[in-house]
Amino acid sequence: MALGWCSRRIYLMDRKGGGYDTVSSNHERSFFVEYVLPGILALDKTSKLVPFFWCGYELQAVKEVSMEGYDLDLIKTPKRYVDALGKLTTMCEMDAVVVESSSGPISENVTHSIEDTLKIYECASASLKKEASKYKDASIKTFKQLRVFSIHVIMNEMTLSETMLKGAFTWRHVQLRSATITDKWDDRLKLVRYFELLARLVEGLRECAATEKKLDQQNLGVTRFEGRTVREALGTGFCV
């Protein structure tokens, strides 16, 4: 997975205790590109589950689920740009991973952290609403197993969470793992939690791909199921 990248990172660590806390820039994008992007890029290349699109990528799901409220005018619908977006390598290319970096390593911009947290909630729920519109005739029980993952970086702390449908117009957002991003030799054991975080993400993405396959079969009538459909449980107002 990201083991090759982290091995090189350990080799290049400053054994005298320097690192990112000695840099003069606190810009979120500089820290993101130098310390966050390489590990996620390694996951992209090795897992083959989810290619990522980087640095200010627009999440179209927000526009698509908001069109009705803006008289189907895409120009007027809100735009949401994320630091990275991962799409499943399935037929529907679900927006499965939302990544936001809210500050550099020196100090936290609290207002920006709150804004990015709300953006993550909005983007994750929009992605799930978009998927619901594709699987209207599938089982609502199966759809509730579908989830969108988010990675939120604040200073040198990375948090992995998942968002899933709880009920009509309600969501469940759960924190799964957290890890400290380090480039100090003395703190190299902290990379264990970083590995765990990436491994949990890969495991979750595999589960999502399997769930999408089930939903597709149910929606097409290939697989029978008992209980309500997504359309019956959520209504036409939810399934755009």
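- For the pair V153 and E100, the minimum side-chain heavy-atom distance is 4.5 Å or more.
- V192 and Y35 are assigned to two separate hydrophobic clusters, defined by single-linkage of ILVMFWY side chains at heavy-atom distances under 4.5 Å.
- Across all their heavy atoms, N156 and F31 have their closest contact at CA-CZ, 4.0 Å.
- If you chain together hydrophobic residues whose side chains sit under 4.5 Å apart, I140 and M164 never meet in one group.
- The minimum heavy-atom distance linking T77 with K63 is given by the pair OG1-CE, 3.4 Å.
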Derivation and outcome, side-chain contact (heavy atoms from CB on, under 4.5 Å), residues C123 and V62: CA-CA 6 Å; C123 291; V62 175; 4.2 Å; yes
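- Atoms CG and OG1, on L215 and T90 in that order, are 10.5 Å from each other to the nearest 0.5 Å.
- Looking at D83, D116, N109, T111 one by one, the single match for side chain to side chain donor-acceptor pair (under 3.5 Å) with S102 turns out to be D116.
- Annotation for Q175: atom CD counts as buried by contact number, over 12 foreign heavy atoms lying within 6.0 Å.
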Check against side-chain contact (heavy atoms from CB on, under 4.5 Å), V97 and L201: CA-CA 9 Å; V97 186; L201 176 57; 4.2 Å; yes
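- A donor-acceptor pair is defined here as one N or O able to donate and one able to accept, closer than 3.5 Å; such a pair exists between the side chain of K119 and the backbone of Y81.
- L234 CG to R228 CZ: the interatomic distance, rounded to the nearest 0.5 Å, is 8.0 Å.
- Taking 4.0 Å as the cut-off between side-chain N and carboxylate O, E122 and R80 count as a salt-bridged pair.
- With rounding to the nearest 0.5 angstrom, the CD atom of Q145 is 10.0 Å from the SG atom of C208.
- In this structure, the side chain of S103 engages the main chain of M155 through a donor-acceptor pair within 3.5 Å.
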side-chain contact (heavy atoms from CB on, under 4.5 Å) assessment of V98 paired with I151: CA-CA 6 Å; V98 177; I151 294 176; over 6 Å; no
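- Cluster membership for V82 and L118, using ILVMFWY side-chain heavy atoms within less than 4.5 angstrom, is not shared.
- Scanning both residues, S101 and F32, for their nearest heavy atoms gives CB-CD1, 3.8 Å.
- With respect to E203 and R200, a salt bridge is recorded, a charged nitrogen being found less than 4.0 Å from a carboxylate O.
- Here the shortest heavy-atom pairing between I120 and S150 reads CG2-CB, 3.4 Å.
- Side-chain atoms of S113 and E108 form a donor-acceptor pair, as typed in the model, at a separation below 3.5 Å.
- Using a cutoff of 4.0 Å between basic side-chain nitrogens and carboxylate oxygens, E226 and K141 are not scored as salt-bridged.
- Distance check: L220 CG to D137 CG gives 9.5 Å after rounding to the nearest 0.5 Å.
- Here the shortest heavy-atom pairing between L205 and A96 reads CD2-CB, 3.9 Å.
- Electrostatic pairing of E207 and R147 counts as a salt bridge here, judged by a charged N lying under 4.0 Å from a carboxylate O.
- Going from atom OG1 of T182 over to atom NZ of K190 covers 6.0 Å, rounded to the nearest 0.5 Å.
- Residues W54 and I40 approach most closely at CH2-CG2, 3.7 Å, considering heavy atoms.
- Within a 6.0 Å sphere centred on NZ of K87, heavy atoms belonging to other residues, nucleotides or ligands number more than 12.
- Put simply, the side chain of S127 gets close to the backbone of D95: a donor and an acceptor are under 3.5 Å apart.
- One hydrophobic cluster, built from ILVMFWY side chains closer than 4.5 Å, holds both W171 and Y135.
- The same ILVMFWY cluster, assembled from side-chain heavy atoms under 4.5 Å apart, contains both L49 and M94.
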Stepwise side-chain contact (heavy atoms from CB on, under 4.5 Å) check, L85 with F52: CA-CA 5 Å; L85 178 67; F52 280 88; 6.0 Å; no
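- The aromatic rings of H173 and Y121 lie perpendicular to each other, with more than 60° between the two planes, well past the 30° mark.
- Remark: the Q218 side chain and the T142 side chain contain an N/O donor-acceptor pair separated by less than 3.5 Å.
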Working for side-chain hydrogen bond (donor to acceptor under 3.5 Å, both in side chains), residues E157 and S178: CA-CA 7 Å; E157 293 294 322; S178 63; 5.3 Å; no
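- Not one N or O on the side chain of Q217 forms a donor-acceptor pair closer than 3.5 Å with the backbone of K214.
- With contacts defined as side-chain heavy-atom distances shorter than 4.5 Å, the pair T180/D187 does not qualify.
- With hydrogens and angles ignored, the 3.5 Å screen pairs a side-chain donor or acceptor of T89 with a backbone N or O of K48.
- Salt-bridge annotation for K134 and E131: present, with a side-chain N of the basic residue lying under 4.0 Å from a carboxylate O of the acidic one.
- In K79, the NZ atom is crowded: over 12 heavy atoms of neighbouring residues, nucleotides or ligands sit closer than 6.0 Å.
- Rounding to the nearest 0.5 angstrom, the gap separating the CE atom in M158 from the OH atom in Y194 is 4.5 Å.
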